[in-house]
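What follows is a single structure, written as structure tokens, with notes after it.
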Amino acid sequence: AAGVVASAYLGKKLEVDSILSFDMGGTTAKAGLVVGGEPRMAYECEVGGRVHRGRVVKGSGYPVRFPFVDLAETSAGGGTIAWVDAAGLLRVGPLSAGADPGPVCYNKGGRELTVTDANLLLGRLNSRYLLGGELPLASELSAKAVEQEICEKTGLGVSEAAYGIVRIINSDMSRILRIVSTERGYDLREFAMVAFGGAGPMHACDLAEELGVSRIVVPVSPGLFSAFGLLASSVRHSYVKSIIERQARADPTRLKKWYRELEDEGQAVLGREGFGDREIHLLREMDLRYLGQSYELTVPVRRPMVAKTLRAATLRFHSEHRRTYGYSVVEEDVEIVNLRVTAIGRIPEPPMAKATLAEAEPGADSRVEERNVLFNEEEGFVRSHVFERSTLRPGNVVEGPAVVEQYDATTVINPGWKAEADTSGNIRLVRLA
Amino acid sequence: MRRGRLDPVTVEVMRGGLVYAAEEMGVALRNSAYSPNIKERMDHSCAVFDGKGRMAAQAEHIPAHLGSMPLTVKAALRRFDEGLEPGDMVLLNDPYAGGTHLPDLTLIAPVFRHERLIAYVVNKAHHSDVGGITPGSMAAESSELYQEGLVIPPVKLVVGESVNQDVMELILRNVRTPRDRLGDLRAQIAANRLGAGRILELAERYGAEGLEDAMDRIMGHSKELMQREISKIPEGVYEAEDVLELPREQATLKMAVSIEVEGDHLTMDFTGTDSQVEVPINAPLGVTLAACYYVVKCVTDPTIPSNDGCYRPVSVEVPEGSVLNPKAPAPVAGGQVETGQRIVDVLFRALAQALPDRVPAASQGTMNNVTVGSYDPMTGEGWSFYETIGGGMGARPGLDGIDSIHTHMTNTMNTPIEVIERNYPIRVTRYELRPDSSGAGEWRGGAGTVREWVLTGGTATVSVMAERNSTAPWGLLGGRPGVSGEYWITSKDGTEAKIPSKCTVRLSQGEGLRVLTPGGGGLGAPSRRDRKLVRMDVLSGILSREKARLDYGP
């Protein structure tokens, strides 16, 4: 969920308010949506439920009535294992080799072929090292593994098998991207994709082409982007006291006392976490419903807690009910179910760097090498320029077919796409026609 | 906005949007409703229809509601054939004008964009009381419709965005729990408003023509998929019979079907089924159609998007005046909940001959409707509680049946014990799986349920409407039948008395009801069952050692 928050934050900076957030790491891929600048929420979810192809099966888990970022997940990452089933079909996942022993090419004892190995064999990934040279790779091991594990059992060629693995994992991921968007009635063609996670930028163009997305943003440090999302959020502690009492009979003095107790607790916890009094913000809310209902609506409550503010909260409930369900009944009894206090510790927003524009042509120092990369089956391997991201300057333009390497990720730019480094260090990809 | 034929991606986006609109309607209905039957058991359904009254999308709710909705909408539109105005909503429950049984109230709202009718949003909810001779309006002993409660023909409950107070008050004066009814009806209105809003958003983005084009194509696509699936069923005529239990001991009513598969078309003919009876198990045509559609979906591809298109390649013929297409004023309370289940059984029994690897053995074949109600002696206010109880699912080809679950035409949750005890003078004393109730087989049927409670205050009227007490859910391909259901009245001094599957009894404080629901039928010869699975069932306590020896040998 932090990734979606980070995408929304980045979207605000870039003035893009419809974003498809796509995060692919070592073991899982996650999809979320930002609509109108805010992460799209789901108001109830089931935990511990059975998941069938990315969707929680209704009634299989324990319902939790709490707002969540609406997220779909699948076990697809760089470490996801490819295998051949009993019927001779090529399968990918759901098991993962993780980071240790990791893909075969890490040469750390991993014997199972992974998505990362496939990307390496297709030239999408640097065949000699990752992490700017800190992690040497053994591409010959990947090649041997694909032959033994896949080619011998299926009769496919090496690059055919590697490309097959990438296509299967992509179709799995395009499904979760559709769950959070198309299945909710949103048209992806109106969205920009933010692609991150160590493996996200490598698969972004393929997925965007399949989904009809024509703009992609790859943030500065894709591997750390979710963590950045956590930095961009404040620390929140929520406290709830259930009372179940008719509003008309409630005593404001007692409510005030209860609110104070919850606030004292929140303030103490944030204090221990190092927040000064001026960084702490306390929010009072109340869950209300019409007597007889089972589901509540949450409304803010002002200070001080006196009869007048309680009445104001009730009026707010009527209008909130009207907004949510299309009607309200002012003469109906209203029940107070919960008192809520949210204690927020404010963290200053992380600054994002800005720079001035350079010329479109990347400097000679940005060019790492030329290598053969397979983008699609029709064209086969094509000679592609490889660039080093840290030396790309704002305004530099790279046209596909190309690859941009950096410490924590590799961005694959398909033929037909154009990438530009912006003044904040993001790579913005646009599909040409 | 965008004109002309839509591309396939847009159609898929719109389909997602329509289904999600129906899902969101369901959430709004549940969240703002007052009665536990809707709030907790989710006994409601929502759908979107196109401007011509054809179902374009539905949420995954209750098959019995959804399958009958097209007839309901048709009846409402026939009544208001001069057209509805923006902001109107039509309410109805008349089983002889598109309804199913009286507690199911359907609310239909037209959706207009710039004065142009573009769609209808529809929801149906089971209200736990609509008047009649017993609390809960599910009387087991009524002999005509008028005893079952208030009959509502298609009427405008909402006129130009405001509630028609005259209609509302007429309804509320005829029911035992007016406060809950008012709350639930408001929730139904809210659900339609929300659904209409979502449809309008789609129309804003793609234009009214775009929406209509998309709905046409969505339905056409389902029709093609369904035709392709039906063509895979071996051609031929498949016949079967099954029975319903009449209240008199051992008397039964025959249900017969003949299914003809010809190319990509399927005909279901119920000629030979017994005539309607003065017992509330007559199934209005909508109920019968719902069961037929459900079965077709089950034996073809359940992932085909559900809408009007799915059912175009299916014809259903039901003799008028029969128990499956009765004439007014035959009583119908149990038609949807009990007879509907038996229609599924008889259809599966016929199709098992054509598709032995797709059809399960008989499930519990009943919903075990229990309605309890009375008046609070202190306040004079009425209360009524309605629930249905899950039982054994029939064994499936290659899989055991699921234990203690609702199957086929219903899809409701159980009422949490905490909710019952907080709202009614009832204490639940037992709720468990029923040992030794499964039908034996290579794949065993699911176990039934034991549910037992005691009345903690005053007196109450209990109506029981159930099936498969004197007959049993059948097995397939050598599998044995499941064990029949049983209903018992318990009293303070420990005495117990068995009661029939359809009856009404009075209880006083300290007396209670024990329900044993049927187990599912088995599939395949018991001798072929994996011994490890038999041992596991014995260890889990769902099968006794004695019964294991009897069914599966030493």
Side-chain angles (χ1 to χ4, degrees), chain A residues 18 33 35 40 42-46 52-53 55 57-60 62-63 65 70 174-175 177-191 209-213 244 287-298 317 320-329 331-333 335, chain B residues 2 7 9-10 12-21 23-24 27-36 38-40 42 59-61 158 161-163 177 179-180 182-187 189-199 201-202 205-206 405-406 411-413 416 419 422-423:
Chain A
S18 301
L33 215 60
V35 177
R40 222 191 78 86
Y43 289 91
E44 186 174 312
C45 104
E46 289 188 10
H52 180 66
R53 295 179 58 81
R55 293 182 199 87
V57 177
K58 266 192 216 157
S60 68
Y62 302 94
R65 291 171 192 171
D70 190 12
S174 69
R175 211 192 56 244
L177 293 167
R178 284 201 180 95
I179 288 174
V180 296
S181 56
T182 315
E183 286 195 13
R184 311 279 191 256
Y186 292 95
D187 190 336
L188 276 182
R189 288 169 298 192
E190 294 160 10
F191 284 73
E209 285 172 13
E210 185 170 339
L211 297 166
V213 171
I244 309 198
D287 293 350
L288 299 171
R289 66 188 180 196
Y290 287 123
L291 187 69
Q293 292 181 327
S294 271
Y295 293 80
E296 306 82 42
L297 292 173
T298 305
F317 165 74
E320 192 62 17
H321 199 279
R322 182 160 195 86
R323 197 182 65 79
T324 311
Y325 300 121
Y327 74 98
S328 60
V329 197
E331 62 277 11
E332 192 86 326
D333 271 338
E335 200 171 41
Chain B
R2 285 172 209 174
D7 62 285
V9 177
T10 305
E12 190 56 18
V13 168
M14 304 264 271
R15 194 177 72 75
L18 292 170
V19 172
Y20 201 62
E23 298 266 358
E24 279 191 281
V27 173
L29 176 49
R30 181 197 62 181
N31 287 9
S32 58
Y34 278 43
S35 59
I38 299 172
K39 293 187 300 192
E40 314 288 347
M42 299 172 40
E60 284 176 17
H61 290 147
V158 181
E161 301 290 351
S162 5
V163 172
T177 46
R179 197 172 172 280
D180 280 8
L182 179 60
D184 291 347
L185 280 169
R186 281 182 185 142
I189 295 171
N192 275 359
R193 288 208 172 122
L194 186 128
R198 290 289 178 270
I199 303 302
E201 283 172 20
L202 286 174
R205 258 195 281 159
Y206 302 103
I405 191 171
H406 270 304
N411 193 17
T412 53
M413 318 284 269
V419 170
R422 183 160 183 265
N423 286 288

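Computation of the quantities below employed the complete heavy-atom set of this structure, encompassing side-chain atoms and omitting hydrogens, waters and symmetry-equivalent molecules. Below, chains carry the letters A, B, ... as their sequence lines are ordered, and counting in each starts from 1.
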>> A:Ser18: which residues meet the side-chain contact (heavy atoms from CB on, under 4.5 Å) condition with it, sequence neighbours left out?
In response: A:Phe191
>> Using side-chain heavy atoms (C-beta onward) and a distance below 4.5 Å, is A:Tyr325 in contact with B:Ile189?
In response: no
> With side chains defined as the heavy atoms from C-beta onward, is the minimum distance between A:Tyr327 and B:Val163 less than 4.5 Å?
Replying inline: no
> Atom OH in B:Tyr34, atom CD in A:Glu332: separation rounded to 0.5 Å?
Replying inline: 3.5 Å
>> Would B:Ser32 and A:His321 count as a side-chain contact (heavy atoms from CB on, under 4.5 Å) here? Give the steps.
In response: CA-CA 9 Å; B:Ser32 58; A:His321 199 279; 4.2 Å; yes
>> Using every non-hydrogen atom in the two residues, find where A:Asp187 and B:Arg205 come nearest and quote the distance to one decimal.
In response: N-NH1, 3.7 Å
>> Please enumerate all residues that pass side-chain contact (heavy atoms from CB on, under 4.5 Å) together with B:Ala33, with sequence neighbours excluded.
In response: B:Ile38, B:Lys39, B:Asp184, B:Ala187
>> So which atom in B:Arg422 and which in A:Ile244 form the shortest heavy-atom distance, rounded to 0.1 Å?
In response: NH2-CG2, 3.9 Å
> So which part of A:Leu291 gets closer than 4.5 Å to some heavy atom of chain B, the side chain, the backbone, both or neither?
Replying inline: both
> So which of B:Gly197, B:Ala190, B:Gly17 has the largest heavy-atom pair count under 4.5 angstrom toward chain A?
Replying inline: B:Ala190
> Looking at CG of A:Asp333 and CZ of B:Arg179, how far apart are the two atoms once the value is rounded to the nearest 0.5 Å?
Replying inline: 6.5 Å
> B:Arg193 versus chain A, heavy atoms under 4.5 Å apart: side chain, backbone, both or neither?
Replying inline: side chain
